[in-house]
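What follows is one structure encoded as structure tokens, with my remarks underneath.
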Amino acid sequence: MEGLSTTAIILIVVSAMMKFLIDASKKKPVIDSEGNKILKLPRPYEIVGVTLSSTSLVVLIYGVVNFNPENILPQFIIFVLSGGLGFLLILLGRVYQVTFNDNEISARSIFGKSITIRWENIQEVKFSTASAELKINDGAHTIKCHQHLVGFRTMVDFLKTKLDITGDQIGL
């Protein structure tokens with residue numbers, strides 16, 4: 001019975017989080033002083049990242065304070081996985097963003113690398129349900145826009161109007 005209640009709690013928490021993320025993608029994007037629309041991932045990405053990174057530090061400290069040779073491998077695996085995933089989520093929340101205006105769309109990766117594509121140079125737009133990303137390609141570069149970006153729907157509507165395409169044509 002305890003396993004069933006734990007499963008129910010996990011299901012409720014995950015469902016609530018997914019609803020929050022989908023609702024956030026429907027919000028209006030931030031507009032900067034030059035009129036560019038800026039899309040970023042919602043705050044929970046950073047919060048979960050900090051939580052996972054903190055967990056990895058707790059595991060590391062526990063392993064040092066209560067050293068046991070039998071626990072080195074499992075503690076190391078937990079430390080690396082939670083620390084790595086936490087760091088990735090923090091970078092996604094802080095650095096990754098998509099910006100667009102009437103002339104172009106650009107994306108900054110988690111490593112700070114920017115790619116810019118002018119609307120008239122776009123050759124392919126495709127939504128992947130597996131990665132939950134809209135991929136915009138000009139033949140040389142690809143910009144990936146995750147569906148959880150705040151303002152994602154606004155960007156998709158703008159893109160459909162600008163390129164004169166339908167949601168069915170891009171897989172939405």
Side-chain angles (χ1 to χ4, degrees), residues 13-56 77-172:
V13 169
V14 169
S15 297
M17 181 62 80
M18 291 306 294
K19 178 168 179 14
F20 172 82
L21 293 172
I22 289 169
D23 288 348
S25 72
K26 295 176 185 175
K27 292 181 180 176
K28 299 288 183 202
V30 173
I31 300 175
D32 68 11
S33 60
E34 298 172 5
N36 297 312
K37 293 168 185 71
I38 302 170
L39 287 64
K40 294 188 83 169
L41 290 168
R43 188 64 124 180
Y45 273 81
E46 283 182 70
I47 294 169
V48 171
V50 168
T51 303
L52 285 169
S53 296
S54 300
T55 300
S56 72
I77 291 171
I78 292 170
F79 171 74
V80 169
L81 289 178
S82 62
L85 183 57
F87 186 64
L88 175 66
L89 289 173
I90 291 169
L91 286 176
L92 280 169
R94 290 259 174 191
V95 180
Y96 170 65
Q97 73 177 29
V98 174
T99 306
F100 70 96
N101 58 34
D102 288 335
N103 303 314
E104 62 194 19
I105 182 167
S106 62
R108 184 175 64 201
S109 74
I110 61 171
F111 304 110
K113 181 182 175 191
S114 292
I115 297 172
T116 301
I117 298 176
R118 297 193 56 80
W119 292 114
E120 62 268 12
N121 295 338
I122 293 175
Q123 295 178 4
E124 181 182 34
V125 179
K126 201 61 117 181
F127 183 77
S128 169
T129 53
S131 64
E133 291 177 325
L134 183 69
K135 296 175 183 173
I136 302 168
N137 190 312
D138 71 350
H141 303 98
T142 300
I143 290 177
K144 297 177 183 178
C145 307
H146 196 277
Q147 75 174 3
H148 292 162
L149 288 165
V150 175
F152 180 77
R153 297 282 186 206
T154 301
M155 190 263 312
V156 168
D157 291 342
F158 182 86
L159 182 133
K160 289 191 301 189
T161 302
K162 192 76 173 172
L163 301 178
D164 194 30
I165 56 177
T166 66
D168 289 339
Q169 289 174 304
I170 58 177
L172 284 173

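Judged by distance alone, the side chains of H146 and Y96 never bring a donor and an acceptor atom under 3.5 Å apart.
In this structure, F20 and P44 approach most closely via the heavy-atom pair CE2-CG, 3.2 Å. The minimum heavy-atom distance linking V150 with K27 is given by the pair CG1-CB, 4.0 Å. Here the shortest heavy-atom pairing between I115 and T142 reads CD1-O, 3.7 Å. Considering all non-hydrogen atoms of both residues, T116 and S106 come closest at OG1-CB, 3.3 Å. Across all their heavy atoms, G139 and Q123 have their closest contact at CA-OE1, 3.5 Å. Taking both residues in full, the closest heavy atoms of S56 and S82 are given as CB-OG, 3.1 Å, listed atom of the first, atom of the second, then distance.
D168 pairs with exactly one of I170, T166, L172 by the side-chain contact (heavy atoms from CB on, under 4.5 Å) rule, that one being T166.
Side-chain atoms of K162 come within 3.5 Å of backbone N or O of D102 as a donor-acceptor pair.
For F158, the CZ atom sits in a packed shell: over 12 heavy atoms of surrounding residues, nucleotides or ligands are nearer than 6.0 Å. Heavy-atom neighbours of K144 NZ from other residues, nucleotides or ligands within 6.0 Å: at or below the threshold of 12. Heavy atoms of other residues, nucleotides or ligands lying less than 6.0 angstrom from CZ of R108 number more than 12.
We find the CD-CG distance between E46 and L89 to be 10.0 Å, quoted to the nearest 0.5 Å. Here the CD1 atom belonging to I136 is positioned 12.0 Å from the CZ atom belonging to F127, to the nearest 0.5 angstrom. The line from CG of L159 to CD1 of I165 is 5.0 Å long, rounded to the nearest 0.5 Å. Atom CD1 of I117 and atom CD1 of I122 lie 6.0 Å apart (nearest 0.5 Å). Summarising the geometry, atom CD1 belonging to I90 is positioned 10.0 Å from atom CG belonging to L85; distances are rounded to the nearest 0.5 Å. Between the CG atom of L41 and the CG atom of L21 there is a distance of 8.5 Å, given to the nearest 0.5 Å.
When side chains are defined from C-beta on, L149 does not count as touching M155, because their heavy atoms never get closer than 4.5 Å.
Under the 4.0 Å criterion applied to side-chain N and carboxylate O atoms, R118 and E120 are assigned as salt-bridge partners. We find that D23 and K19 are joined by a salt bridge, their nearest charged nitrogen and carboxylate oxygen being less than 4.0 Å apart.
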Test side-chain contact (heavy atoms from CB on, under 4.5 Å) on K126 and E133; report intermediate values, then the result. CA-CA 8 Å; K126 201 61 117 181; E133 291 177 325; over 6 Å; no
Output, in order, the C-alpha distance, side-chain angles, deciding distance and verdict of side-chain contact (heavy atoms from CB on, under 4.5 Å) for L52 and V48. CA-CA 6 Å; L52 285 169; V48 171; 4.0 Å; yes
Would C145 and I105 count as a side-chain contact (heavy atoms from CB on, under 4.5 Å) here? Give the steps. CA-CA 10 Å; C145 307; I105 182 167; 4.3 Å; yes
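Taking the six-membered ring where tryptophan is involved, the planes of W119 and F100 are perpendicular, since the angle between them exceeds 60° and thus also 30°.
Residues meeting the salt bridge (charged side-chain N to carboxylate O under 4.0 Å, His left out) test with D32, sequence neighbours left out: none.
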